[in-house]
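Below is one structure, written out as structure tokens; comments come after it.
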There are 2 protein chains.
Amino acid sequence: MRVISKSGEYGLRALLHMASNQDNKGFFNIREMSEGLDISFHFLTKILQVLTQKGILQSYKGPNGGVGFLKKTEEITLADLVRALEGDDFFDKCLLGLPGCGDRQPCPMHAYWMGIRNNLKSEFETTSLADLGENTRLQHLRLIP
Amino acid sequence: MRVISKSGEYGLRALLHMASNQDNKGFFNIREMSEGLDISFHFLTKILQVLTQKGILQSYKGPNGGVGFLKKTEEITLADLVRALEGDDFFDKCLLGLPGCGDRQPCPMHAYWMGIRNNLKSEFETTSLADLGENTRLQHLRLIP
DNA sequence: TTTAATTCATACAAAATACTCCTAAATCCG
DNA sequence: CGGATTTAGGAGTATTTTGTATGAATTAAA
Ligand code: SF4
Ligand code: SF4
């Protein structure tokens, strides 16, 4: 079972790291992050690139460059992040993978999935990166495998 | 998002079909099923093969052969099925994909995942194939995409 | 202005997953 | 028995995902 893809997981871990170490000057070096979180530098770069394209991060090239949040972490929900990393229809697709069906012609498991999915969605919609980052910081939680 | 792999989806759909058409002699022809459910015959064959190896189905070769349930559908839970199709640790692994962590050193999202996972697990543990099959039959639900 | 640091872009390689094909083994029927 | 049918098993192919390598573009600093 893999609700979130590997790239999604990496992106999430990186942003969680950033959110819990915000005391810096605002920009984070990707190489340092990749080493600290034990993620391939190039792969992480590519993932964060997408997040800047989606307007969640901003980036700066050159010496002391890096990536930083574009919006406040209070204004970025976990749902936003997952949608950027996994696709806009993340919370609308069938968890089972079946295409083109819904409330009108549901399969026998639809009721279960709907419940689980809505639960997930509302939890994610109401959780900000700041919340998660604060948690991480206060509890000295780790982000590496 | 793909909670259940493609093979898992196919297996599930096939067994759901079987459970909702149990009035037959007990054995189902795989080719007919593959055509009815629009799944590649060879691929479905292999998936059902695994289920017979795992003791959920029994099979019969030769003319009028096929696959049938080994236990009563009342005694097969959705959880059993998913475990057979996706691995025994399906409900124990982290939905996020991170290895080797748990209650002792949780990541910031652990609480969310645990809730969602336990929810999922208990729903699946208490739902039998018979339940789902009956649903399907009574409501004329479809199993094809 | 040159040099170094850093993200951006793209192409390539490896691994995992999904799917196909072919032959063997079991069973039935004439 | 002999041929037809159907699942079993394994090997092979295609597609997607994950990861690597390389070079260009941008910025800072010497
Ligand atoms: S009806 Fe079944 S397959 Fe379709 S969206 Fe609902 S759970 Fe998924
Ligand atoms: S701590 Fe985080 S990564 Fe680990 S099992 Fe819980 S949710 Fe998954």
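All of these numbers come straight from a predicted model, not from anything done at the bench. Numbered from 1 within each chain, the chains take letters A, B, ... in sequence-line order.
- Of the two residues near DNA chain D, Ser40(A) and Ile30(B), the one whose nearest nucleotide lies more 5' is Ile30(B).
- Between Tyr10(B) and the phosphate of dA18(C), there is no side-chain N or O to OP1/OP2 separation shorter than 4.0 Å.
- The backbone N or O of Met18(B) sits nowhere less than 3.5 Å from a side-chain atom of Asn21(B) that would complete a donor-acceptor pair.
- Look at Gln49(A) and you won't find any side-chain N or O under 4.0 angstrom from OP1 or OP2 of dT7(C).
- To the nearest angstrom, P of dA4(D) lies 17 Å from CZ of Arg31(B).
- A donor-acceptor pair shorter than 3.5 Å can be found between the side chains of Glu86(A) and Ser5(A).
- Side chain Lys46(B) to base dT20(C): a donor-acceptor pair is found below 3.5 Å.
- The nearest whole Å value for the distance from the NZ atom in Lys61(B) to the C1' atom in dA26(C) is 5 Å.
- Cation-pi contact between Arg31(B) and Phe41(B): present, with separation from the ring centre below 6.0 Å and deviation from the ring axis of at most 45°.
- Rounded to an integer number of Å, the gap from Asn29(B) CG to dC28(C) P is 15 Å.
- Atom P of nucleotide dT17(D) and atom NE2 of His42(A) are separated by 22 Å, given to the nearest angstrom.
- Computed from coordinates, the Ile4(A) CD1 to dT17(D) P distance equals 15 Å when rounded to whole Å.
- When each of Phe43(A) and Tyr60(A) is assigned the nucleotide of DNA chain D with its nearest heavy atom, Phe43(A) is the one assigned upstream, toward the 5' end.
- At the phosphate of dT7(C), neither OP1 nor OP2 sits under 4.0 Å from any side-chain N or O atom of Ser59(A).
- If you check every strand for non-hydrogen atoms under 4.0 Å, Leu48(B) touches nothing.
- For Asn64(A), taking side-chain heavy atoms from C-beta onward, the closest of the listed nucleotides dC21(C), dA28(D), dC28(C) is dA28(D).
- Straight-line distance from the CZ atom of Phe27(B) to the P atom of dT27(C): 11 Å, rounded to whole Å.
- Residue contacts shown for Gln53(B) are limited to sugar-phosphate atoms, with no base heavy atom under 4.0 Å away.
- Formation of a donor-acceptor pair under 3.5 Å by the Ser122(A) side chain with backbone atoms of Asn119(A) is found in this model.
- Checked against dT7(D), dA18(C), dT18(D), the side chain of Lys6(A) finds its nearest nucleotide in dT18(D).
- A donor-acceptor pair under 3.5 Å is absent between the side-chain atoms of Asp89(B) and the main chain of Asp92(B), judged by distance alone.
- Residues Ser7(B) and Thr45(A) each lie close to DNA chain C; by heavy-atom proximity, the contact nearer the 5' end of the strand is made by Thr45(A).
- Here the side chain of Pro63(A) is nearest to one of dT7(D), dC19(C), dA5(C), namely dA5(C).
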